[in-house]
Number of protein chains: 2
Amino acid sequence: MGKPTTKDLARVAGVSLATVDRVLNRRGGVRQATVDRVTAAIKSIGYVRDISAANLARSTEYRLVFLLPDHEDEFTRMIHLAIDEANVSMVHERTTVSIMRVPANDPHRIAQEIDELSTDQVDGVAIMAPETAQVRDAILRLDACGIAVVAFVSNQPNAANAYFVGINNEAAGRTAGQLLACFTGERQGAVRVITETMQSRDSQERRLGFDAIMAKHASRLRVYPSMETYADAARTAKIVATAWRNTPEIVGVYLMHHGISETMRAIEAQGIPPKCVIIGHELTRHTRTRLVDGTMDAVITQDVGHLVRSSIRVLKARITQIGTVASQERIRIEIILRENLPEDIKTNGL
Amino acid sequence: MGKPTTKDLARVAGVSLATVDRVLNRRGGVRQATVDRVTAAIKSIGYVRDISAANLARSTEYRLVFLLPDHEDEFTRMIHLAIDEANVSMVHERTTVSIMRVPANDPHRIAQEIDELSTDQVDGVAIMAPETAQVRDAILRLDACGIAVVAFVSNQPNAANAYFVGINNEAAGRTAGQLLACFTGERQGAVRVITETMQSRDSQERRLGFDAIMAKHASRLRVYPSMETYADAARTAKIVATAWRNTPEIVGVYLMHHGISETMRAIEAQGIPPKCVIIGHELTRHTRTRLVDGTMDAVITQDVGHLVRSSIRVLKARITQIGTVASQERIRIEIILRENLPEDIKTNGL
DNA sequence: ATGAAAGCGCTAACAA
DNA sequence: TTGTTAGCGCTTTCAT
């Protein structure tokens with residue numbers, strides 16, 4: 001005899017399957033006394049419902065959507081791929097996930113797209129967007145119409161209904177700081193920090209953490225204010241050139257944004273100072289190459305596959321009101337050096 | 001209309017459900033012509049079978065067992081916990097996993113336990129044991145009786161039927177080397193390597209990788225032969241004392257084994273040389289403390305939760321002859337420093 | 001060699 | 001308020 005089933009429950013509680021189902025799914029229309037009897041029975045026989053069977057019976061389809069920036073950088077593309085991959089391996093799990101691209105820096109458009117989402121189109125949404133008032137409000141509105149939501153990669157700390165799937169950016173900044181401090185040995189000099197925009201909360205948090213560590217090494221490392229590229233190649237080239245001209249002895253560079261190939265090109269154009277330690281974010285084809293050829297020393301990254309799968313699990317858990325395994329959903333701040341580069345994935349299937 | 005089902009298949013192929021099932025599960029007793037018709041139909045309508053439904057109908061139970069060393073170190077205990085946790089979250093997935101402890105260094109006993117496993121008790125087994133001829137043969141024998149097997153944490157490169165779930169130890173050793181080289185800055189001095197026993201293939205591979213990197217820094221880092229503790233506290237204290245007495249200027253220590261608390265105590269008793277960089281393996285409560293208080297500088301680790309879940313997925317995939325998502329099963333070589341220490345897990349449930 | 005039918009654990013009309 | 005019953009997609013006797 002295996003695990004207890006609804007039948008056992010019904011028998012023990014002295015009710016019909018339908019009633020069991022009603023209390024199991026809180027459908028109401030059941031006398032409190034009956035509810036209690038069933039709940040008691042659940043406890044007593046240690047019943048735990050079989051979700052696959054439930055899904056089968058319901059022919060439930062979880063319709064999830066990922067809202068991604070329409071930015072064409074490698075990191076976003078990797079996320080896109082990871083989603084596609086998840087989609088394939090999820091066919092069996094009655095889950096279809098689709099992708100919507102929205103202008104990365106247009107809070108109104110993003111909020112609008114979110115508002116467009118309706119319960120009869122989608123059950124859950126993962127949102128990757130900078131935190132703004134508009135977006136935050138739109139997310140809060142999702143709660144009312146019962147759409148589950150996850151803050152994806154970018155945290156939305158003021159939208160209480162959005163569970164965050166991503167790394168702690170302040171800790172990531174600290175990690176970058178520690179690596180930079182270690183890797184520069186005992187050398188003295190300047191540290192330059194570059195990002196796309198300091199408007200983004202992620203950048204602010206990373207900088208915060210980075211500075212916390214740099215402060216401990218203030219006697220030898222002089223950290224400059226953050227430079228912003230605005231994702232513009234020309235501007236990037238210009239500010240890097242200016243900075244390189246005016247900064248003596250650059251011993252470290254911290255690139256806080258993803259999509260750093262432009263920036264790296266600009267830096268290379270100016271000449272990488274000898275022994276200069278360069279640290280960036282997100283393991284992509286580009287940064288992988290940089291690690292191998294030694295132009296970058298360390299990359300701080302998060303596993304996009306894990307990110308995507310975790311989001312999907314959390315969304316489904318919220319939709320079905322089931323719990324998740326906390327430890328499985330924690331996204332690690334991974335440090336990638338030349339020597340622990342994961343091999344490229346060649347094949348699928350066992 | 002959703003995904004095509006067996007019914008659609010039967011209709012299109014002009015056969016009954018039973019026949020469809022026969023060819024789907026290669027049960028035989030079907031005319032080749034019929035088989036072909038069904039296979040054609042599968043292709044034409046893009047049928048992909050619903051595993052949960054199949055499991056439901058079969059009332060399949062996947063009975064898995066983990067064979068762990070009876071060693072009582074923290075790493076093994078963490079694995080134990082991770083397995084228990086997986087067990088809980090797998091109830092819904094018709095999977096029960098149990099644990100068997102075997103004497104870590106008794107190949108005969110291990111082989112014997114493996115041989116004891118029979119198809120009507122267990123469907124798959126994850127084996128964590130040092131590679132020896134006896135164990136390898138026992139694993140190979142499992143193939144004959146159709147029990148799926150996974151080499152867990154310790155690779156079994158000569159047992160072709162054992163898929164390896166764990167990290168590349170040679171790369172792990174290289175990573176340790178790179179970290180040690182970076183963290184020692186430009187300092188000159190001795191590097192000591194300690195492990196439980198060099199008998200184990202894991203230690204050999206790590207040492208190999210470590211040496212490969214050390215060779216590049218031979219001008220300033222002098223690496224000594226590996227010292228073996230044999231997991232014996234007294235011996236550990238003695239060899240460390242001798243080594244510390246006879247080695248001038250120790251700037252780095254690489255602890256290749258897990259369960260290093262004894263070794264760390266011995267080192268501390270001798271006094272940690274100033275600025276000495278200590279690198280070890282596996283993030284446990286002990287190494288976590290060491291990172292926080294600064295007595296250790298870096299820990300190379302693998303996520304035990306991931307290790308366990310991945311093993312389970314691979315085993316089930318092999319049992320059902322289904323494919324897995326390669327990228328999800330790759331175990332990363334994680335580098336943990338003080339600043340990217342994952343927070344302790346306090347709570348479960350969403 | 002093939003098919004009909006019952007059933008896995010759960011849900012959802014429809015009755016009562 | 002409660003129960004009956006027919007499935008969900010697949011497997012598995014037992015007939016034919």
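Below, each value reflects all heavy atoms present in this structure, side chains not excepted, and no hydrogens, waters or symmetry copies. Labels below follow one simple rule: chain letters A, B, ... track the order of the sequence lines, proteins then strands, and each chain is numbered from 1.
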**Student:** May I ask you to decide if A:Ala13's main-chain N or O and A:Arg37's side chain share a donor-acceptor pair within less than 3.5 Å?
**Tutor:** yes
**Student:** Please determine, for the side chain of B:Ala18, which listed nucleotide (C:dG9, D:dG9, D:dT12) has the closest atom?
**Tutor:** D:dT12
**Student:** What's the CG-P distance between A:Leu9 and C:dT11, to the nearest Å?
**Tutor:** 11 Å
**Student:** Side chain of A:Val15 only, please: which of D:dG3, C:dT11, D:dC10 is the nearest?
**Tutor:** D:dG3
**Student:** With a 3.5 Å cut-off and no angle check, do the side chains of B:Glu329 and B:Ser310 form a donor-acceptor pair?
**Tutor:** yes
**Student:** Could you walk me through whether B:His80 and B:Asp84 pass the side chain to side chain contact (heavy atoms under 4.5 Å, CB included) test, one step at a time?
**Tutor:** CA-CA 6 Å; B:His80 209 122; B:Asp84 291 344; 3.8 Å; yes
**Student:** Quick one: does B:Arg22 reach the base of C:dG3 with a side-chain donor-acceptor pair under 3.5 Å?
**Tutor:**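 Such a pair is found, so the answer is yes.
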**Student:** Without decimals, in angstroms, what is the distance between A:Asp8 CG and C:dC10 C1'?
**Tutor:** 13 Å
**Student:** Over how many whole Å does the gap from A:Arg26 atom CZ to C:dA12 atom P extend?
**Tutor:** 15 Å
**Student:** Verify the contact: side-chain N or O of B:Ser16 to OP1 or OP2 of C:dT2, cut-off strictly under 4.0 Å; return yes or no.
**Tutor:** no
**Student:** Quick one: pull up CD1 in B:Ile51 and NZ in B:Lys316 and give me the separation to the nearest 0.5 Å.
**Tutor:**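 Here the interatomic distance stands at 9.5 Å.
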**Student:** Regarding A:Val20, tell me which of base, sugar-phosphate or nothing describes its non-hydrogen contacts under 4.0 Å with the strands shown.
**Tutor:** nothing
**Student:** Which part of the nucleic acid does A:Asp50 contact within heavy-atom distance under 4.0 Å: base, sugar-phosphate only, or nothing?
**Tutor:**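 Sugar-phosphate, backbone atoms only, no base.
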**Student:** In whole angstrom, what separates A:Arg11's CZ from C:dG9's P?
**Tutor:**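 Rounded to the whole Å, the gap is 12 Å.
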**Student:** Specify the separation, in whole Å, of atom NZ of A:Lys7 and atom P of C:dT11.
**Tutor:**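 The answer, rounded to whole Å, is 14 Å.
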**Student:** Just call it for B:Ala54: base, sugar-phosphate, or nothing, with non-hydrogen atoms closer than 4.0 Å on any strand.
**Tutor:** sugar-phosphate
**Student:** Check this for me: does any side-chain nitrogen of one of A:Arg94 and B:Asp50 sit under 4.0 Å from a carboxylate oxygen of the other?
**Tutor:**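 Answer for the salt bridge query: yes.
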**Student:** Respond yes when some side-chain nitrogen or oxygen of A:Thr34 is under 4.0 Å from OP1 or OP2 of D:dT2, and no when none is.
**Tutor:**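 It does, given that an N or O in the side chain of A:Thr34 lies less than 4.0 Å from OP1 or OP2 of D:dT2.
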**Student:** In whole angstroms, how far is the P atom of D:dT11 from the CD1 atom of B:Ile51?
**Tutor:** 10 Å
**Student:** Of B:Arg27 and B:Leu56, whose closest DNA chain D nucleotide lies nearer the 5' terminus?
**Tutor:** B:Leu56
**Student:** Does B:Asn55 put a side-chain nitrogen or oxygen below 4.0 Å from OP1 or OP2 of C:dC8?
**Tutor:** no
**Student:** Has A:Asp8 got a side-chain atom pairing as donor or acceptor with A:Thr5's backbone, closer than 3.5 angstrom?
**Tutor:** yes
**Student:** Can you see if the side chain of A:Arg31 gets near the phosphate of D:dT1 - specifically, an N or O under 4.0 Å from OP1 or OP2?
**Tutor:** no
**Student:** So, OP1 or OP2 of D:dT1: does either fall under 4.0 Å of a side-chain N or O from A:Thr19?
**Tutor:** no
**Student:** B:Asn25 has an atom CG; how far is it from atom C1' of D:dC10, in whole Å?
**Tutor:** 9 Å
**Student:** Among C:dT11, C:dG3, D:dG9, which nucleotide sits nearest the side chain of B:Thr5?
**Tutor:**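 Closest nucleotide to the B:Thr5 side chain: D:dG9.
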**Student:** A:Ala57 side chain: which of D:dC8, D:dC10, C:dT2 is closest?
**Tutor:** D:dC8
**Student:** From the set C:dC10, C:dA4, D:dT11, return the single nucleotide nearest to any side-chain atom of A:Ala53.
**Tutor:**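 That would be C:dC10.
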**Student:** Can you tell me the distance, in whole Å, between the CZ atom of B:Arg94 and the P atom of C:dC10?
**Tutor:**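 Atom-to-atom, B:Arg94 to C:dC10, this comes out as 9 Å.
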**Student:** Go nucleotide by nucleotide along DNA chain C from the 5' end; which of B:Gly29 and A:Leu17 gets its closest nucleotide reached first?
**Tutor:**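 Final value for this comparison: B:Gly29.
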**Student:** Is the phosphate of D:dT11, meaning OP1 or OP2, less than 4.0 Å from a side-chain N or O of B:Arg49?
**Tutor:**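 So the side chain of B:Arg49 is within the cut-off, an N or O lying under 4.0 Å from OP1 or OP2 of D:dT11.
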